[in-house]
Amino acid sequence: MARMVRVLGLEKVEWRTWWRSVDFWFAMAVLLLPFGFLLLALRWEPVRVRILPRR
């Protein structure tokens, strides 16, 4: 059973150090790069917000 888990890539993930792995950065690139052009195409303008004290 342990061999089958290892073959399927279902090993226990060490979350504290996972962001340092190549797999994490590859996943981020796959998720973010397709939407990068969409974000650049949108025109972002600053938004001013005034916070009023509660009465």
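On a predicted model such as this, the values are computed, not experimentally measured, just so you know.
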**Message:** Suppose clustering is done on Ile, Leu, Val, Met, Phe, Trp and Tyr with side-chain heavy atoms closer than 4.5 Å. Which residues sit in the same group as Val30?
**Reply:** Phe26
**Item:** Heavy-atom pair with the smallest gap, counting every atom of Trp25 and Ser21
**Value:** CD1-O, 3.2 Å
**Request:** Locate the shortest heavy-atom distance separating Pro34 from Ala29; write the atom from each residue and the value.
**Result:** CD-O, 3.9 Å
